[in-house]
Amino acid sequence: MAAQQALQTARRDLAAAILAARRAGEPVQRIAARTGLDVVTVRNILSVTPTQSPHGRPMVPLGCA
């Protein structure tokens, strides 16, 4: 269970870092290169719009400022 929570936290942190880089004007291709992901994966992460975290706290959709 702790490993699952750690994985979810890591994914959330990665998504937040990708979103922050994109909001700062960084090109998707550069974000992909820096994270070791492909461009399609980065675009998919940016397109996800979660409404709540697993803990029931509201989350800001990834596409919104």
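Quick caveat, the model's predicted, so the values are computed rather than measured.
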Task: Nearest-0.5 Å distance, CD of residue Q29 to CZ of residue R43 - done: 6.0 Å

- [ ] Drop me the distance from D13's CG to R11's CZ, to the nearest 0.5 angstrom.
- [x] 12.5 Å

TODO: Find the distance between OG1 (T9) and CZ (R12) and round it off to the nearest 0.5 Å.
DONE: 4.5 Å

Open item on the list: In the structure I gave you, are the side-chain heavy atoms of V48 and N44 within less than 4.5 Å of one another anywhere?
Closed with: no

Contacts table for residues 31-42: side-chain donor-acceptor under 3.5 angstrom, sequence neighbours left out:
from	atom 1	to	atom 2	distance (Å)
R34	NH1	E26	OE1	2.8
R34	NH1	E26	OE2	2.8
T35	OG1	I31	O	2.9
T35	OG1	A32	O	3.3
T35	OG1	L37	N	3.4
D38	OD1	V40	N	3.1
D38	OD1	T41	N	2.8
D38	OD1	T41	OG1	3.0
D38	OD2	T41	OG1	3.3

